[in-house]
S.K.: 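Got a structure here, written out as structure tokens. Questions coming.
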Amino acid sequence: MRRLLAVFLVLLCVLLGAPAGVGAAGHEVTYDRYSLKVDGRRLVLQSAEFHYFRLPSPELWRDVLEKFKAAGFNAVSIYFSWAYHSPKPGVYDFTGVRDVDRLLRTARQAGLYVIARPGPYINAESTGGGLPAWVKTVPGRARSSAPGYQAAYREWLHRINPIIARHQVTGGGPVILYNAENEYQVNTDAAYMQDIQDQARADGIDVPITTNDCCDAGSWSSTWATGPGAVQIPGVDDYPQSFECANPEVWGPWGEGLTERLRDDIPVFAAEYQAGAIDLGNAGYDKCRELTGPAYMKYFYKNNLVTTGATMFSYYMGYGGTNWGWLAQPNDVYTSYDYGAAITEARRLTPKYDEFKRQGYFLEAVAPLAKTDPATSPAAPDNPALTTTARANPDTGTQFVLVKHADRAATGTDDATLDWAAPDGRHRVPVRVKGRDAHVLVAGYDLGGQRLALSTSEIMTHALIGGRDVAVLYGTAGSPGATILRYGSRPAVKVLEGDVRASYTGGDLRLDYTHDGLARVLVTGGGRRPLLLLLGTDGTAAGFWRAETGSGPVLVRGTELVRSASAGGDTLRLAADTAGGQVEVFAGPAVRRLRIGAEDVRVARTPSGSLLGATRAPEPVRLPALTAWRSRAEAPEAAPGFDDSRWTAADHTTTISPHPPKTLPVLYADDYGYHYGNVWYRGHFTAAGSETRIDLNAVTGLRGNYLVWLNGRYLGSAAGGVQADSGDASTPPNPDPGPGHFDIPAGVLRPGTDNVISVLVANMGHNDDWIADDLRFKQPRGLVAATVGGAVGGPVGGTPISWRIQGSPGTDPLRGPLNNGGLYGERTGWHLPTYPDKSWKTASAELAPGVTWLRNAFRLDLPKGQDAPVGLRFGGDPSPAYRVQIFLNGWNVGQYGGDIGPQRDFVLPAGLLDEHGTNTIALAVTAEQAVAGPGPISLFTYGNVRQAR
Ligand code: GAL
């Protein structure tokens, strides 16, 4: 009975597409110095980072996670952002786009393990580094065991931990590791690190706890390997290319980027290994993708695998996403968090994805990699430009030889003969490795039913399909390759395609060839089961997809993606993305028909035993032009008669902020509960008549500004203060612009009566807390000083001002607290699709200083069953004099403007975008002066594929 149950659970596991070891029943996660193990089985953890909070469309989580899985990743690393879930103390939302239960179910359905990283601090270039802004008003240093902060973070942990806990591997779910804190390095507090772990255990977390170390010597795990606060499996973060993307041909400053071994009893864990970059120099993310492109990945990732022997990898980022709403930390990023990742913000696959796939499939297929020791290199090149490093599996003797070019800057080609003492004999074989390239070559490996003596091609994958081994090997196009296989007697060799020379001596079948296209060799007899050897190039190898069916694996080529496959009777069914062209399927001989989604694909059997057919091109996508914009000016708050009596009185005389106010009352927006987006102030004073100027200072985060009116007359704008205000000398590029001085024009002051200063202050987001320093994290937002006073250049101050403040009500239950600030239009619903804008006038090209809204509704009917991500493009030259908040059907999908960043294209994600209905774009444009408005504005697609599930 028990047996039956076990068989049933395994079947269920297969049906649900769960990775081996993740079943409906609980499993045990252990580890030793080599690798993680699930139920005793070794595992090379191949993970990439994904932030659900940067993709507010749960249906698309599935798309991205399936793409991870299809690249050979077996895990996803996920930060959980406290700020994203908690608008104020005691209030938490885990519904809709915040439904992390659904996220974890989706990960499991995609067949991925999860590294759960709930912080409480996450960094991630997210506002406050993931700490909610309300924590700025809590006494006690953040990221410490100070009582105020402790009560706050425990509140978060007790909400998020139970959700994570019910999805652990130990209970049949996907969560395999729990990451405590993030790069906790200076100002450390052991009691805090220990308490996070104690809370996790108390909340039912029973998988190993890890933490991600930064910066070597100053880091947590190197200092606190044992004792309070020590975690079970610390890992290390490495960003060898750094974050300046402008010159991708210049390789980064941080050496070989080798992940250190931290302890002898745990595997080497590359907890965050660079797989993209923030765009510090505004070069655009395509440059970041180049900086961290396939050449970098080959050199650094393979070096880390073989030189260090890491078996736990998590790449940051696999998919970056969007800083929608006010999610961005203001000082390092703009709206797009594309990150130059393998999968773009619009969910498109790139050449980096191909490289992940080549490496990921290798790690997945070649089991001896999970347990290796360093070895003296058995393979000597006869060209000093090439170097080799090796590891070997102590049980199987399998050798892994890394061949790399000694000159990291070289781009030429280099040939060598390797004199290789492999476990099955000594051979001389040709190899070619260019500068900035590295190959992992394998010898002494039981490849399915075959014995691979060695190969100078790299292994991508191999599978037992229909009673024969099918192996995909590859090398740089045009380079020589040699593969030697062992047989008991001479096998029959049939070259089906390509130019491959075979020779047989003393049990060695040697194949020599040039990597070119896709050669096919069928080997039968020789005392082994048949082998179909597919010898490709980087390009042709990347065209293969591997999927598991209930009756074994299949290989597919010619599709844009294979999400999953199932076999039933004589039919193989694929969930796949296609874009026209040939499709080829390697499945068992019983399979004679191919269905992609609901469509039959006519196929014929090839000499390779595969099925060959063709897919249909997607229907073209037609998008409407965005011409009929309606507009309405706002900012009634600037008018003296505006009724602000229901606004919050800003009258505090004390604050817990470590930054003392420069004038009283305290005007810090956070102190009055207004944490995100724009904030309005109205200051009333009775004028003596002698006032000639207003002096203000505001802190906004980088790229923020503020606009000032007196009695309805616009006085001008100034740049807001930035991170350097915190006194953090480590960020000198962001100088504090200092106070703004505004002269009162003649005739504007009203002596003896009420005068009103109106100030609109942008809050670009909250500083992170990377170095656990309240001066940086608790830097205020909003006005920090305000005086009305005397002559220009003379003393200021004197006239008392009484202030009121108004920000976002933060009450949108669907889109959450980060969606809106306190613009009049936002408070009144002008961004919402339902807002009646019929009375608005046709937009004029010219904007007045202040805030102007533009709206446009358009209908879409995209072809069904296709994935054609849509974007919004700002043509023309952006002006530094305006900034635009972009709302799609009420969702704040980004900010555009001359000085906000290089971004002109904004993703309109499906889910927020109705692909078969009416959509509304609303733009809130804040102009510092009279200026021509943004335009032309158009819709476009990032790509177009058929998507069959
Ligand atoms: C790491 C940090 C991540 C992210 C990354 C840079 O130091 O742990 O959260 O900020 O740097 O993108």
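Note that ligands are numbered from 1 as they come in the structure, with each ligand's atoms numbered from 1 the same way.
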S.K.: Assess whether a salt bridge exists between Arg159 and Glu155, defined as any Lys/Arg side-chain N lying under 4.0 Å from an Asp/Glu carboxylate O.
M.R.: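 Result for this pair is no, no salt bridge flagged.
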S.K.: Taking only heavy atoms of Asp237 into account, list the atoms of ligand 1 that are under 4.0 Å away from them.
M.R.: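 Selected atoms, number and element: 8 (O).
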S.K.: Quick check with a 6.0 Å cut-off and a 45 degree axis cone: is Arg348 positioned over the face of Tyr942's six-membered ring?
M.R.: no
S.K.: Before accepting this row, confirm whether a basic side-chain N of the pair Lys778/Asp670 lies closer than 4.0 Å to the acidic partner's carboxylate O.
M.R.: no
S.K.: State if Ile122 counts as touching ligand 1 under the rule of any non-hydrogen atom under 4.0 Å.
M.R.: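 Ile122 counts as a contact of ligand 1 under the 4.0 Å cut-off.
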S.K.: Is the closest basic N to carboxylate O distance between Arg347 and Asp63 below 4.0 Å?
M.R.: yes
S.K.: So which of Tyr316, Tyr239, Tyr315 actually passes side-chain hydrogen bond (donor to acceptor under 3.5 Å, both in side chains) with Glu272?
M.R.: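 Testing each of Tyr316, Tyr239, Tyr315 against Glu272, the sole residue satisfying side-chain hydrogen bond (donor to acceptor under 3.5 Å, both in side chains) is Tyr239.
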S.K.: Does any N or O atom in Ile278 lie less than 3.5 angstrom from one in ligand 1, N or O only?
M.R.: no
S.K.: Are Asp899 and Arg703 ion-paired here, with the side-chain N under 4.0 Å from a carboxylate O?
M.R.: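 Between Arg703 and Asp899 there is no salt bridge, as every charged N stays at least 4.0 Å from the carboxylate O atoms.
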S.K.: Against heavy atoms of Glu183, which atoms of ligand 1 measure under 4.0 Å?
M.R.: 1 (C), 2 (C), 7 (O), 8 (O)
S.K.: Under 3.5 Å, is there a donor-acceptor pair between the Lys136 and Ser657 side chains?
M.R.: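 Absent: no donor and acceptor within the cut-off.
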S.K.: Find all atoms of ligand 1 within a distance of less than 4.0 Å from any non-hydrogen atom belonging to Asn182, and give their numbers and elements.
M.R.: 2 (C), 8 (O)
S.K.: Quick one: look up the protein heavy atom nearest atom 2 (C) of ligand 1 and list residue, atom name and how far away it is.
M.R.: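 Here the nearest protein heavy atom works out to Glu272 OE1, 3.3 Å.
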S.K.: Do me a favour and list the nearest non-hydrogen protein atom to atom 10 (O) of ligand 1 with residue, atom name and distance?
M.R.: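 The closest heavy atom on the protein side is Glu125 OE2, 2.5 Å.
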S.K.: Quick test: of every protein heavy atom, which one is nearest to atom 12 (O) of ligand 1, and how far off is it to 0.1 Å?
M.R.: Tyr339 OH, 2.5 Å
S.K.: Considering only protein heavy atoms, which is closest to atom 5 (C) of ligand 1, and at what distance to one decimal place?
M.R.: Tyr239 OH, 3.4 Å
